[in-house]
Structures are given as structure tokens and as C-alpha cells.
Amino acid sequence: MTSPAIAHIIDGKQIASDIRSEVKQGVDARILLGKRPPGLRVVLVGENPASQSYVRGKKRASEEVGIIAETLLHPEDMPEADLLNLIEQLNNDPDVDGILVQLPLPDHIDEDKVILAIDPDKDVDGFHPVSVGRLVLGQAGFEPCTPAGIVELLKRSGVETSGAHAVIVGRSNIVGKPMATLLLRRGLDCTVTVCHSRTKDLPSITRQADILIAAIGRANFITASMVKEGAAVIDVGINRIDDATRERGYRLVGDVDFKDVSEKVGWITPVPGGVGPMTIAMLLQNTLHAANRRDT
Ligand code: GUN
């Protein structure tokens, strides 16, 4: 009996650390030229514990690479008009290169209106309609951090994209749709299929994928029978499942059944330690790009 092939496990922690080092070099180069360090403002409204933890991570990582990051904390009942005023001030502040409003926002605030208020040249999340339009048209702008991070994982792991059939499961504005746009781009040159919860016979499509991106939000949804041998599988999911053996009572798993799938495919990202660390690294890269673009 032949032993099963073992996939190359894509080390998102290491690749994210490499990107953070590159950003630090870029920040240091600015300082050597007598320019100011890039400035990022992270706005958090309310006390959602997950958001607080993400925001702390963004600030810490920024400081490590020399980006001046300030977190602006506001109470849950902040009026929408006050938030729009704050964004206007940040748009006009010459020391601010990047503005990030942590989502989700409280129900009384219209998220679309808030994103629209951000200056597209400071939109380091890549969520503004102008950023989305630039992305689709292939113009210079900000790429949303999670899909941009996935492109880096593929490139730096030597996964061939040209002519590859990329299948994306999930059609969100933050991951699925921009991921499709990026993989279609000249230079990456994938043939792209986007699937979702209404897709008929999903396994027959995922089995055709040379590159499979799972962004569904259902624990261990993708099993070995749904993937092609030798494929590259990127797991965007972060799901909590009960685990009495852990002190905190749960563990994090992805949308891919890692143990099952890793014995069949060529590349796979773990959860945690795959896509997750890339999102912040790409935010730092976008903030450096914002600073470099603004002073040219
Ligand atoms: N909430 C969860 N992920 C994100 C993100 O990437 N950006 C913002 N602004 N909010 C989020």
C-alpha cells in the first residue's frame, strides 16, 4: 500500500511575519528620507469583545512596524452624525493615511453610509465603493485585506495560478466577491467559479478546483470527497466548536475538515495560523502604500 500524500501546510504565520518585516523596511526607508511615519486610525464603536480583540491586534502590529496607530473608542450609543463628523476630521487630517472603522457597527448606524464617508485614498480596508470599482477595473487602489492576503499565500507558496480553475465557496463583499476579482486579474489568470448556499451539486464543482477557497462559515464543511487530488485549499473559516478538553470550552476550526482533506491535496492552510494572520499584515501594507501614495 502506498502511503497517502501529505499536503504542504501553508504557514500563514511565517508569511505574515515576512510581510510585516517588508512593511517595516518600507517604513524605515520613509524615515531615512525624512518623511513622517504612516498614520492609521482605527475607530471602534461599542464594546463587542471580538472587535476589541481585533482592534488591539491591529494596533500592536502597527506599532511593531513603526506605523503610528491610534484607536478611537466610542460608546455604543454614539450618534451616526458624530461618527460621520469624526470621519470627516480624519479625512482632513494630514497625519492620517489610513482610516479603518471596525465592523460590525451598532444597529442604529448605517454601515454603508459610514464606509461611503471615508476618503477612498485613505480606505485601507478596501471597502469603499470607489475602492471596489478600482479593483474591478484593475486601477490602483486598496485591495481588501483578506483576499489580498490569500493571493500572497498562493504566490509565496509557489501555487501555479495561470489557467488554474479557482473555485470560491462564499459570495460575501469582504471575501468571496473581491477574491474572484483578484484571481481573474491579469498576472494571476485563473478561471474563476463562485459558489454559494444555493449552488446545485456543490461537490461536483469543488472537485474541479485546482484552487479551492472556502469562505462559508460552517465548521469542517469541506471534506476529502469534495476536493481534487493535489489541489491548493485555502480555508478562510474561523468557527468555534465545543471542546470540553480545552480550558475555554471550545476550539477554533476552519470550514475545511483539515485532517481528512490534508491527506489528499497538494497545499492547505491550517486554522488558526493560515489566512488569519495575513489580514493584519495586508492592512499594514495598505497603510504604508497609502502614505507613499499621498506624498507623491
Ligand atoms: N470586522 C471583521 N473583519 C473586519 C475587517 O477586516 N475590517 C473591518 N473594518 N471590520 C472588520
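Whatever order the structure lists them in is the order used to number ligands and atoms, beginning at 1. Heavy atoms only: backbone and side chains are in, while hydrogens, waters and symmetry mates are out.
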Which atoms of ligand 1 have any heavy atom of Leu100 under 4.0 Å away? 9 (N)

Of the backbone atoms (N, CA, C, O) and the side-chain heavy atoms from C-beta on, which set of Leu283 has a member under 4.0 Å from an atom of ligand 1: side chain, backbone, both, or neither? neither

Which protein non-hydrogen atom lies closest to atom 11 (C) of ligand 1, naming both residue and atom, and how far is it? Gln102 NE2, 3.3 Å

Give the atoms of ligand 1, by number and element, whose distance to some non-hydrogen atom of Val101 is under 4.0 Å. 8 (C), 9 (N)

Heavy-atom closest pair (Val256 atom, Ala214 atom, distance to 0.1 Å) is CG2-CB, 3.9 Å

Residue that, paired with Glu143, satisfies side chain to side chain donor-acceptor pair (under 3.5 Å) out of Gln285, Arg185, His289, Arg134: Arg185

Residue part near ligand 1, for Leu103, under 4.0 Å between non-hydrogen atoms: both

When Ile, Leu, Val, Met, Phe, Trp and Tyr are grouped by side-chain heavy atoms lying under 4.5 Å apart, directly or through other members, which residues fall in the same group as Tyr250? Ile238, Leu252

Looking only at protein heavy atoms, which one is nearest to atom 8 (C) of ligand 1, and how far off is it? Asp125 OD2, 3.4 Å

So Asp11 and Ile9, do their side chains get closer than 4.5 Å, heavy atoms only? no

Could you give me the CA-CA distance, side-chain angles and deciding distance for Leu183 and Met179, then say whether side-chain contact (heavy atoms from CB on, under 4.5 Å) is met? CA-CA 6 Å; Leu183 291 172; Met179 189 78 255; 3.7 Å; yes

